[in-house]
Structure formats: C-alpha cells, structure tokens
Amino acid sequence: MKRGILIAWQKVAWREHYRILTLWLGVLIATLVASPVNAESVDSDAGSAPTLLVMGDSLSAAYNIERDESWVALLEQRLQEETTVVNASISGETTSGGVQRFDDLLGQHEPDIVLLELGGNDGLRGLPPQQMQANLATMIEASQAADAEVLLLGIDIPPNYGAAYRDAFTSVYDNLAEEYDVALVPFLLEGVATDDALMQNDGIHPTAEAQPIIFETVWEKLEEMIER
C-alpha cells in the first residue's frame, strides 16, 4: 500500500516538475528570439538623430556678435537635442581653406547634412569663380560620397566688383546645385544685405538683429531635409 502511494506521488511530482521546466524553456526561447529585435530597435533609436556640419566663414562664425546670437546658435536652439550641430566655420575662410580641412571634418563628425556656406571671401578677394566652383564641387562630392546631404548657402558680392564678375560669381551656386542636385539657398542674406539697419558698419557682416532673418532663410530649406 505504501509502495503504491509512493509511486503515485512520484508520478505527480514528475508531471509538475516537467510542467515547470517546460514553462521556463518557453520563457527562455521567447527571450532569446526577442533580444535581437529589441537591440536593433535600441540601436535604431540611438542613431536616428542626425548630425549637421556647418562649413562656413564669418557669416556663420558669429563675427562681431555674441555666439549665442548667431543664426547657427538659433538653429541649435530650434533643434535642441534632436540633432547635433557642429559649427566648423572660421572668419576669413575661403573655399581653398575649406577644402583643406574638409576631409578631416567629415571623418571626425560623420555628418548626415552639410551646410556649405563658403565663397564670400573668394569674391571679396577677386579670386577666379572657376576656382571657387571647383573647390565647392570637391566638398560636395566628398559629402555625397560619405552619404551626407548638402545644403548650399549662396552669397552675393557688392556691385562695385563689376557686373561680369558678379554674374560669374553668383552663377557658381546655381551651376553646382543643378549639376549635383543639391538644395540651394540662393542668397543667405536675403532681406538683410540691403537694409543698413541690419548690417554692421563694414557693410559686409550682419548684425545680431539680422540673425533670426538669416536663420529663417536657412530653415525654410533645411527643415525638409531634416524631416527626410
């Protein structure tokens, strides 16, 4: 009698042990299957915020104004933590100087979008527009090879440089935008350059009050790129 009871108890215990073991195996398998998906989701979320590289001259380097008043700082404020904004602009920079620095900056920051604002100092120095176009083209090609979109920020020069040179200079930006199929802001200082109240005494650099206008000019094109 006791032997029969013991055998029956052992059968019940084994069935319960088997049920618990099966449940734990099911949980373990589900965890192993789900883990790669969750990791991929986390990685995707972590890498979703784009990096913006601003490659410019004094117009983007907060010349003679507070840094937090510049249009680039306003861009950072608008985007907050949605993106990383790297401002590699240097006052006095030419397209030749930009080319020399550009590959290192691409490799270091791996930007998703490059805002290319160079050429103004080439024009003020009377450098050949063909040289300026070749330098900008080099930076555009390097950006596209690195899978970065480009927003080209065009600039104009004073009329006293002569109509022929001025036309050749400004056409560089249109030519590049068409050839490389990149977004273009035709004139960065639209609505600013012709208003003395928005320009510093040198007649070349915008005031702090002009920066929100410049920001909105850039943002009109840039917002679409960021959303993509």
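- Nearest approach of Leu59 to Ile204, heavy atoms of both residues: CD2-O, 4.0 Å.
- Between the side chain of Tyr165 and the backbone N or O of Leu127, at least one donor-acceptor pair lies under 3.5 Å.
- Contact check for Leu115 versus Val72: no side-chain heavy atoms found under the 4.5 Å cut-off.
- Between the side chain of Asp57 and the backbone N or O of Ser91 there is no donor-acceptor pair closer than 3.5 Å.
- When only modelled atom types and interatomic distance are considered, Thr95 and Asp122 share a side-chain donor-acceptor pair under 3.5 Å.
- No more than 12 heavy atoms of other residues, nucleotides or ligands shown are found within 6.0 angstrom of CG on Asp181.
- Ser143 approaches Val150 most closely through the heavy-atom pair CB-CG2, 3.5 Å.
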Between Asn121 and Glu93, does the side-chain hydrogen bond (donor to acceptor under 3.5 Å, both in side chains) criterion hold? Intermediate values first, please. CA-CA 7 Å; Asn121 288 305; Glu93 184 75 292; over 6 Å; no

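- Classified by interplanar angle (parallel below 30°, tilted 30° to 60°, perpendicular above 60°), the ring pair Tyr173/Phe169 is perpendicular.
- Of the possible polar contacts, one joining the Asp202 side chain to the His205 backbone as a donor-acceptor pair under 3.5 Å is found.
- Side chains of Val85 and Leu79 form a contact here, defined as non-hydrogen atoms less than 4.5 Å apart.
- In plain terms, the two heavy atoms of Thr94 and Arg125 that are nearest each other are CG2-NH1, 3.4 Å.
- The number of heavy-atom neighbours closer than 6.0 Å to CG of Asn201, taken from other residues, nucleotides and ligands shown, is 12 or below.
- In this structure a side-chain-to-backbone donor-acceptor pair under 3.5 Å is present from Gln144 to Tyr180.
- For the side chain to side chain contact (heavy atoms under 4.5 Å, CB included) test with Leu151, the passing option among Val185, Val114, Val54, Val182 is Val185; the others fail.
- A donor atom on one side chain and an acceptor atom on the other are found under 3.5 Å apart for Asn135 and Ser96.
- Of the possible donor and acceptor atoms, none in the side chain of Glu220 sits under 3.5 Å from a partner among the backbone N and O of Thr217.
- Legend: residues meeting side-chain contact (heavy atoms from CB on, under 4.5 Å) with Gln211, ordered by chain and number and at least two apart, are Ile65, Ser70, Trp71, Leu74, Pro206, Ile214.
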(request) Test side-chain contact (heavy atoms from CB on, under 4.5 Å) on Thr170 and Ile157 and set out the steps. (result) CA-CA 8 Å; Thr170 54; Ile157 54 175; 5.7 Å; no

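- A salt bridge between Glu223 and Arg78 is absent, with no side-chain N of the basic residue lying under 4.0 Å from a carboxylate O of the acidic one.
- For the pair Ala197 and Thr207, the tightest heavy-atom approach, listed with the atom from each and the gap, is O-OG1, 4.0 Å.
- Residues Ala183 and Met225 come closest through the heavy atom pair CB-SD, 4.0 Å.
- A donor-acceptor contact shorter than 3.5 Å is absent between the side chain of Ser60 and the backbone of Ser89.
- A donor-acceptor pair is defined here as one N or O able to donate and one able to accept, closer than 3.5 Å; such a pair exists between the side chain of Asp112 and the backbone of Thr51.
- Using a 4.5 Å heavy-atom cutoff, the side chains of Leu106 and Pro111 are in contact.
- Inter-residue side-chain proximity for Leu198 and Asp196 is flagged as unmet; no heavy-atom pair is nearer than 4.5 Å.
- The side chain to side chain contact (heavy atoms under 4.5 Å, CB included) with Leu153 is formed by just one residue from the set Val218, Leu116, Leu222; it is Val218.
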| message | Between Leu176 and Leu152, is the side-chain contact (heavy atoms from CB on, under 4.5 Å) condition met? List the steps. | response | CA-CA 9 Å; Leu176 290 169; Leu152 190 59; 3.9 Å; yes

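- You'll find the side chain of Ile113 stays beyond 4.5 Å of the side chain of Leu53, heavy atoms only.
- Arg101 is listed as a side-chain neighbour of Ile90, based on a closest heavy-atom distance under 4.5 Å.
- Remark: side-chain polar atoms of Arg166 are not paired, donor with acceptor, to backbone N or O of Asp156 under 3.5 angstrom.
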